[in-house]
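Below you'll find the structure, written out as structure tokens, and then a few comments.
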Amino acid sequence: MRKRHQQNRILILGALGVFALAAWILLAGGPAFTSPPQGSGPRLVAIEPLPKMEMSGEMCQWMPVSASEQEALFALLQQQPASPPTAASMNADDGPRMTIERPPLRVIKDPYPTYSAVAVDMMNNEIVLQDENLFQIMAYDRMTNTPPSATMSEPKRVIGGHHTNMEFNCGLYIDPKNGDIYSVNNDTLNTLVIFSREQRGDVPPTRELETPHGTYGIAVDEGAEEMFLTVQHASSVVVYRKYAQGEEEPLRTLVGNKTMMADPHGIAVDTKNGWMFVVNYGNYAAYREGEERSGGGGSGGTGRVPGSGKFFPPSITVYPIKANGDVAPIRTIQGPKTQMNWPGHMAVDETTGMLYVANDGGNSVLAFKVTDGGDVAPARVIKGPRTGIKNPTGVFVDTKNKEIVVANMGNHQATVYDLTANGDVPPKRVIRAAPADHPALQIGNPGAVAYDTKRDEILVPN
């Protein structure tokens with residue numbers, strides 16, 4: 001019996017040992033391995049093919065091992081976004097998805113027109129104004145005068161809307177023969193649009209011309225039937241046939257380092273003396289000789305000499321009216337005595353030999369002699385609180401009625417003065433497009449926004 005009990009103990013212990021070994025193997029995740037015999041190497045023990053790749057779907061761009069972290073990140077950002085998931089591709093536990101449309105807490109926006117340019121249709125006795133805020137053209141009777149107690153004056157007709165192809169419309173010209181309206185787009189559309197005098201509402205232009213990017217000012221030599229346009233980004237003047245349309249090329253281009261143009265804005269022509277006047281903000285850069293500055297892509301930077309950028313004082317550069325290519329100015333009006341500060345559109349009165357400048361930053365209208373040059377003071381200045389002039393960008397000389405009409409972007413007003421006005425004089429008439437106490441925000445194509453926590457102010461660069 002004793003021997004039999006010992007045998008049973010041995011069997012039990014053996015069984016427990018086998019069970020413990022099996023449990024260890026299971027817990028270890030696989031069979032126990034012993035060290036390979038001396039001299040043996042790696043051996044292929046199994047082959048399992050990878051799933052077949054679907055080449056028609058989205059996949060990441062391959063990058064070499066040597067690529068830097070910055071290069072890899074840039075490549076990732078350049079990839080096209082993946083297609084949105086479909087209902088079939090979503091897991092059951094993802095839950096429903098929805099877009100939340102949440103209204104803003106508040107909106108900073110000027111709901112009223114702001115006048116960027118002005119012209120007088122002397123044949124039809126109308127004042128026509130560009131509205132760069134709401135992208136419109138507004139025509140008023142020439143004698144319109146908004147009473148101080150009135151909210152605004154209603155225009156006779158308005159051209160505006162999607163079909164007009166007007167955006168950031170800043171330059172204006174009225175054909176004295178038939179009343180056609182020429183409107184220059186400056187920023188988001190590279191076109192000049194022309195409307196007949198009869199058009200109104202949301203209508204397509206009767207004619208359209210492709211123009212370089214950043215076109216701003218317009219002037220026309222009616223005798224030669226030539227149209228002059230300034231180009232900001234390429235610092236140039238392009239001259240077209242007056243009736244050009246489509247992709248027609250300019251007749252000539254004034255461009256180059258010798259011209260000393262620096263961010264040109266307004267332009268005026270004196271056909272009596274054969275001169276062209278160009279007003280410059282002063283943002284200058286030199287270009288490599290022979291490089292074309294078309295202004296394409298919004299920069300006009302092709303061929304620009306690195307490090308050549310400078311800020312010059314504002315200026316008026318004067319050229320022969322038929323200038324073509326890289327032509328130096330005949331003379332230049334420039335310096336602190338001129339009082340120029342962000343000068344905009346200009347107008348020439350050939351009968352009196354005076355050049356009028358809408359001086360945006362100086363809240364004034366400056367009058368120079370067409371023969372002036374150097375650091376010269378204006379012959380006359382319309383400026384002061386009584387004038388109603390605030391951030392003027394447009395000016396027009398009505399030679400028929402002996403008046404000056406000013407478009408003010410800073411207060412929703414167009415103001416009218418005698419041709420000989422000087423100093424702090426009140427306007428003869430005012431055309432107002434908003435309540436008198438409503439500020440003009442002057443927000444134009446804002447590219448960013450920032451918040452100044454110290455001053456509790458919102459900063460909007462335009």
Side-chain angles (χ1 to χ4, degrees), residues 116-119 130 132 168-173 182-193 209-221 226-242 244 249-270 275-285 287 292-296 298-301 312 314-330 332-334 340 342-348 355-360 392-396 407 444:
S116 58
V118 60
Q130 286 271 42
E132 193 173 334
F168 298 102
N169 42 322
C170 60
L172 185 66
Y173 178 76
Y182 291 64
S183 176
V184 179
N185 291 314
N186 173 251
D187 202 330
T188 52
L189 293 177
N190 300 326
T191 54
L192 169 73
V193 289
L209 173 67
E210 295 286 335
T211 55
H213 183 76
T215 305
Y216 183 90
I218 180 171
V220 175
D221 178 351
E226 293 181 343
M227 179 170 54
F228 299 71
L229 303 172
T230 56
V231 184
Q232 285 183 253
H233 306 294
S235 288
S236 59
V237 174
V238 286
V239 184
Y240 294 90
R241 290 189 315 113
K242 177 185 172 183
E249 292 294 321
L251 300 171
R252 58 187 181 273
T253 301
L254 175 64
V255 64
N257 294 333
K258 294 178 183 177
T259 68
M260 294 305 294
M261 279 189 284
D263 194 1
H265 277 66
I267 186 168
V269 292
D270 180 351
W275 294 329
M276 176 202 320
F277 299 87
V278 178
V279 71
N280 304 275
Y281 267 24
N283 307 313
Y284 175 82
Y287 285 75
E292 183 67 26
R293 292 187 275 185
S294 64
S299 65
F312 288 145
S315 66
I316 297 173
T317 44
V318 188
Y319 310 90
I321 198 168
K322 296 293 184 180
N324 186 27
D326 193 0
V327 177
I330 301 170
T332 299
I333 303 172
Q334 185 179 44
M340 284 190 287
W342 279 21
H345 290 294
M346 297 187 296
V348 166
L355 173 67
Y356 295 86
V357 182
N359 197 33
D360 184 353
T393 54
V395 63
F396 186 89

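Summarising the geometry of Met227 relative to Arg241, their closest heavy-atom pair is CE-O, 3.7 Å, with the distance given to 0.1 Å. When all heavy atoms are compared, the tightest approach of Met346 to Gly266 is CE-O, 3.7 Å. Minimum heavy-atom separation, Ala358 to Gly394: CB-N, 3.8 Å. Across Ala268 and Val348, no two heavy atoms sit closer than the pair CB-CG2, 3.7 Å. Considering every non-hydrogen atom in both Ala119 and Leu172, the closest pair reads N-CD2, 3.7 Å. In terms of heavy-atom proximity, Met261 sits nearest to Tyr284 at O-CD1, 3.8 Å.
The side-chain heavy atoms of Asn280 and Asp263, taken from C-beta on, include no pair separated by under 4.5 Å. Counting heavy atoms from C-beta on, the side chains of Lys258 and Val327 never come closer than 4.5 Å. Between Val237 and Met276, the closest side-chain pair of non-hydrogen atoms falls below 4.5 Å. Between Asn185 and Phe168, every side-chain heavy-atom pair lies at or beyond the 4.5 Å cut-off. No side-chain heavy atom of Glu226 sits less than 4.5 Å from a side-chain heavy atom of Val269. Counting heavy atoms from C-beta outward, Ile333 and Phe277 have side chains that stay 4.5 Å or more apart. Within the 4.5 Å cutoff, the side chain of Val238 has heavy atoms near those of the Pro212 side chain. Counting heavy atoms from C-beta on, the side chains of Pro264 and Ser235 come closer than 4.5 Å.
How far OG of Ser236 is from CG of Asp326: 11.5 Å, rounded to the nearest 0.5 Å. Atom CH2 of Trp275 sits about 11.0 Å away from atom CG of Leu355, to the nearest 0.5 Å. The CG atom of Leu189 lies 9.0 Å from the OG1 atom of Thr211; values are rounded to the nearest 0.5 Å. The OH atom of Tyr182 sits 5.0 Å away from atom NZ of Lys242, with the distance rounded to the nearest 0.5 Å. Taking CG from Leu209 and OG1 from Thr191, the interatomic distance works out to 8.5 Å, rounded to the nearest 0.5 Å. The distance from the CE atom of Met340 to the OH atom of Tyr281 is 12.5 Å, given to the nearest 0.5 Å.
Side-chain N or O atoms of Asn283 include none that pairs as donor or acceptor with a backbone N or O of Ala262 at under 3.5 Å. Under the 3.5 Å distance criterion, the side-chain polar atoms of Tyr319 are matched with a main-chain donor or acceptor of Thr259. A donor-acceptor contact shorter than 3.5 Å links the side chain of Thr230 to the backbone of Gly217.
The aromatic rings of His233 and His213 sit parallel to each other, their planes meeting at less than 30°, with 60° as the upper class boundary.
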side-chain contact (heavy atoms from CB on, under 4.5 Å) between Val357 and Ile316, worked out: CA-CA 10 Å; Val357 182; Ile316 297 173; 3.8 Å; yes
Pair Asp360-Thr393, side chain to side chain donor-acceptor pair (under 3.5 Å): steps then yes or no: CA-CA 5 Å; Asp360 184 353; Thr393 54; 5.9 Å; no
Side chain to side chain donor-acceptor pair (under 3.5 Å) assessment of Gln232 paired with Asn186: CA-CA 9 Å; Gln232 285 183 253; Asn186 173 251; 2.9 Å; yes
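Residue Glu210 places its CD atom among more than 12 non-hydrogen atoms of other residues, nucleotides or ligands, all under 6.0 Å distant.
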